[in-house]
Amino acid sequence: MLNVNDIRDNKEEYIRLLKIKNFDASSVFEILIRKDNDRKLLQQKNDELLFKANKLAKEIGALYKEGKKLEADELKAKSLILKKKTKELHFKKESLEKEIYEKLKDIPNIPHSSVTNGETEKDNIIIKESGKIPILVNNALTHWELASKYNLIDFELGNKITGSGFPVYIDKGAKLQRSLISYFLDKNINAGYKEFIPPHLVNEDSAFGTGQLPDKDDQMYHVKLDNLYLIPTAEVPITNLFRNQIIDQNSLPIKCTSFTPCFRREAGSYGKDVRGLNRLHQFDKVEIVQLQTPEKSYQTLDEMVNHVSNILDELDLPYRIVKLCGGDLSFTSSLTYDFEVYSAAQKRWLEVSSVSNFENYQSNRLKLRYKDKNGKKYLCHTLNGSALALPRIFAAILENYQTEKGIIVPKVLQSYMDLTIIN
RNA sequence: GGAGAGAUGGCAGAGUGGUCGAAUGCGGUGGUCUUGAAAACCAUUGUGCAGCAAUGUACCGGGGGUUCGAAUCCCUCUCUCUCCGCCA
């Protein structure tokens, strides 16, 4: 969520930048600034009245002690009038604040100045391509065919016990999955990230803090009886670890990593690119999260992008990094780089990571701040990315590493798998 | 699921109608002392909002109420803990 003071200070620039996200902010900003000015006036007036009322109350107390009951009763009458007025002002202010909030929550985050115009993913900019696309055997199989051929994943069993989008990993499939998780976590920990295993269900406050509520509640699984939500990503519990905190600047950046399953209803996306592991309701992901000062957050974003690149290099998968255009950028992000690996049998690029800087859009809502040497408080910048999402990496490994003899295990995974080929 | 207790500043913990934004201890920060450190001593140390500032105002789990005046009384919600039961 943006805050009004920033909007007031940077109005024209914000309007210009939000156009890149195809959001016309000019009239909303006018309304917001006007309402906020009204709010300030109300605050001043109300404080003044309360000041008087507080003073009267003290005087009344003193008079009672002196036994001057009559004079005290006179002041009481005065005080009652004041009290009535302050109550009125209080409610006015409250409703004004609510109106301001309602407007603010519908304004997307300001894109970074380097974000380009564009409507859809077609307008994204490929900033790096790496690795070479493998030449596959003649009748190369897709990952779902390979998964079934080598009995690595049973999609039918998942249908039986839950429904579509809930695969069952079996035997070497399960081990490959587990190896990838361990490998990713080890890489992240070596890069200075601290590992967390958070709860997989979160309360309303947490879902609100990272912005899934109030608007995206239909994308989360909801446990009604306890009013808890299954996490759609580790970002939710991990970022919320720091909700309502004031962090010492010296302890920034804070770097966290976490492996969790992710649960997504994916309402409305049925029937679209959903074969095999391409789109699931439950999938595993290793996430990285950083908290950083505004001055260094873009440096940190680059660092995170390099880190993810490094993992994909080691896995020897062909990938490209895409910088999202304004139209494709998410509501809450200022700048996002997507990582896509090439899945050679499907002949498709699959998104496996999305690394974003949210600047203070999340932290404003989370009340996540840091304190500098002089004790001044500022909102943190929050960043996160996948390092990495499992299913599509799994898919790409099966497809790209397939040979007539079986699926070669990528070098860096061999020690985890205790195996060099799946056949 | 049954019974009970509780929610106060970074933590611990006092405070049952005015002098309480809140004692005290621990912790943090700064200083004195010291060659340095420890100890000791002194000072300082919550957050939001409004204001250039002085300052004002709000906040003692959330919401509502009583009162001239509420951390303190009443109502309500939420959460936490303890014991019993069940169970990994």
Side-chain angles (χ1 to χ4, degrees), chain A residues 1-9 32-101 103-104 197-209 213-214 222-229 237 240-252 254 291 360 362-380:
Chain A
M1 207 160 65
L2 300 178
N3 59 65
V4 184
N5 284 336
D6 287 348
I7 291 174
R8 203 193 318 269
D9 294 344
L32 268 174
I33 292 171
R34 208 181 60 230
K35 281 190 192 293
D36 193 57
N37 289 342
D38 291 350
R39 194 201 103 246
K40 288 182 182 191
L41 281 176
L42 272 178
Q43 168 94 27
Q44 278 164 30
K45 244 188 236 168
N46 199 26
D47 281 2
E48 213 174 288
L49 292 183
L50 282 169
F51 176 50
K52 283 184 189 158
N54 286 343
K55 222 161 83 181
L56 275 181
K58 270 176 198 158
E59 282 168 24
I60 292 168
L63 286 173
Y64 267 120
K65 255 180 202 159
E66 292 168 31
K68 300 180 181 168
K69 193 164 176 305
L70 258 140
E71 289 161 57
D73 285 344
E74 240 171 79
L75 291 188
K76 265 195 201 179
K78 264 192 186 174
S79 181
L80 272 172
I81 296 168
L82 276 178
K83 182 94 196 246
K84 215 174 157 186
K85 272 193 201 161
T86 58
K87 212 163 221 177
E88 248 172 62
L89 289 181
H90 174 76
F91 285 124
K92 258 194 202 163
K93 203 182 94 183
E94 244 179 16
S95 73
L96 203 51
E97 277 167 354
K98 208 175 156 194
E99 286 172 39
I100 290 170
Y101 164 74
K103 296 271 179 227
L104 277 178
I197 301 180
H200 298 168
L201 281 84
V202 295
N203 58 29
E204 255 180 286
D205 284 349
S206 299
F208 178 81
L213 290 180
H222 183 209
V223 182
K224 277 216 182 68
L225 214 49
D226 300 286
N227 196 24
L228 297 172
Y229 294 87
N240 270 286
L241 294 173
F242 305 96
R243 173 154 46 97
N244 286 329
Q245 275 207 27
I246 300 176
I247 296 161
D248 225 48
Q249 184 173 349
N250 299 332
S251 36
L252 295 176
I254 289 177
L291 313 181
N360 65 21
Q362 287 184 323
S363 59
N364 186 33
R365 192 177 267 204
L366 289 159
K367 295 203 188 85
L368 163 52
R369 286 160 293 171
Y370 71 93
K371 191 159 60 171
D372 71 11
K373 313 175 230 8
N374 305 316
K376 273 206 90 173
K377 288 166 279 291
Y378 307 90
L379 290 169
C380 286

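Below, read A as the first sequence line, B as the second, and so on, with proteins coming before strands; counting in each chain starts at 1.
Under the Watson-Crick or G-U wobble criterion, with both distances below 3.5 Å, B/C20 is left unpaired in every strand shown. Of all nucleotides present, only B/U80 satisfies the Watson-Crick or G-U wobble test against B/A5, with each distance under 3.5 Å. Pairing for B/G69 is absent, with no Watson-Crick or G-U wobble pair whose two atom distances lie under 3.5 Å. Across all strands shown, B/G85 remains unpaired; no Watson-Crick or G-U wobble contact has both distances below 3.5 Å. Nucleotide B/U55: paired with B/A50 (Watson-Crick or G-U wobble, both distances less than 3.5 Å). Here B/G10 sits opposite B/C26 as a Watson-Crick or G-U wobble pair (both hydrogen-bonding atom distances under 3.5 Å).
A/Asn54 comes within contact range of the sugar-phosphate backbone alone, with a heavy-atom separation under 4.0 Å but no base atom that close.
Distance, A/Asn227 CG to B/C79 C1': 13 Å, rounded to whole Å. In this structure, NZ of A/Lys84 is placed 14 Å from P of B/C68, rounded to the nearest angstrom. Taking atom CG of residue A/Asn374 and atom C1' of nucleotide B/G30, one finds them 14 Å apart after rounding to whole Å. Between the C1' atom of B/C68 and the CZ atom of A/Phe51 lies a distance of 17 Å, rounded to the nearest Å. Going from atom NZ of A/Lys55 over to atom P of B/G69 covers 17 Å, rounded to whole Å. When rounded to the nearest whole Å, the span between CG of A/Leu50 and C1' of B/A70 equals 15 Å.
Applying the side-chain hydrogen bond (donor to acceptor under 3.5 Å, both in side chains) rule to A/Asp372 yields no partners; only residues at least two apart in sequence or on another chain are considered.
Taking the six-membered ring for Trp and thresholds of 30 and 60 degrees, A/His222 and A/Tyr229 have nearly parallel ring planes, at less than 30 degrees apart.
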Open item on the list: side chain to side chain contact (heavy atoms under 4.5 Å, CB included), that's the test. Do A/Leu379 and A/Asn3 meet it? Break it down for me.
Closed with: CA-CA 11 Å; A/Leu379 290 169; A/Asn3 59 65; 3.9 Å; yes

Open item on the list: Using side chain to side chain contact (heavy atoms under 4.5 Å, CB included), reason through A/Leu75 and A/Leu63 one step at a time and then give a plain yes or no.
Closed with: CA-CA 10 Å; A/Leu75 291 188; A/Leu63 286 173; 3.6 Å; yes

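The gap from the C1' atom of B/A3 to that of B/C11 amounts to 31 Å, rounded to the nearest Å. Comparing the P positions of B/G1 and B/G10 gives a spacing of 34 Å, expressed to the nearest Å. As rounded to the nearest Å, B/C83 and B/C73 have C1' atoms that lie 30 Å from one another. With C1' as the reference atom, B/G61 and B/U72 are 16 Å apart, rounded to whole Å. B/C49 and B/G21 are spaced 16 Å apart, taking the C1' atom of each and rounding to whole Å.
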Are any protein N/O atoms closer than 3.5 Å to N/O atoms in nucleotides 61-66 of chain B? If there are, list each pair with its distance.
none

Please list, for nucleotides 17-23 of chain B, all pairs of protein and nucleotide N/O atoms separated by less than 3.5 Å.
unit_1	atom_1	unit_2	atom_2	d
B/G18	N2	A/Ala57	O	2.8

For nucleotides 86-88 of chain B, which of its nitrogen or oxygen atoms have a protein nitrogen or oxygen under 3.5 Å away, and what is each distance?
none

Task: nucleotides 47-52 of chain B: protein proximity per nucleotide (B base, S sugar-phosphate only, - neither; heavy atom, under 4.0 Å) - done: SSBSS-

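Under the 4.5 Å side-chain criterion, counting only non-hydrogen atoms from C-beta, A/Lys69 is in contact with A/Tyr64.
A salt bridge does not link A/Asp38 with A/Arg34: none of the charged nitrogens is closer than 4.0 Å to a carboxylate oxygen.
Judged by distance alone with a 3.5 Å cut-off, no donor-acceptor contact links the side chain of A/Lys373 to the base of B/U29.
A/Gln249 and A/Lys373 share no donor-acceptor pair across their side chains, judged by distance under 3.5 Å alone.
Only A/Lys76, A/Ser79, A/Leu80, listed by number, bring a heavy atom of residues 74-82 of chain A to less than 4.0 angstrom from any atom of RNA chain B.
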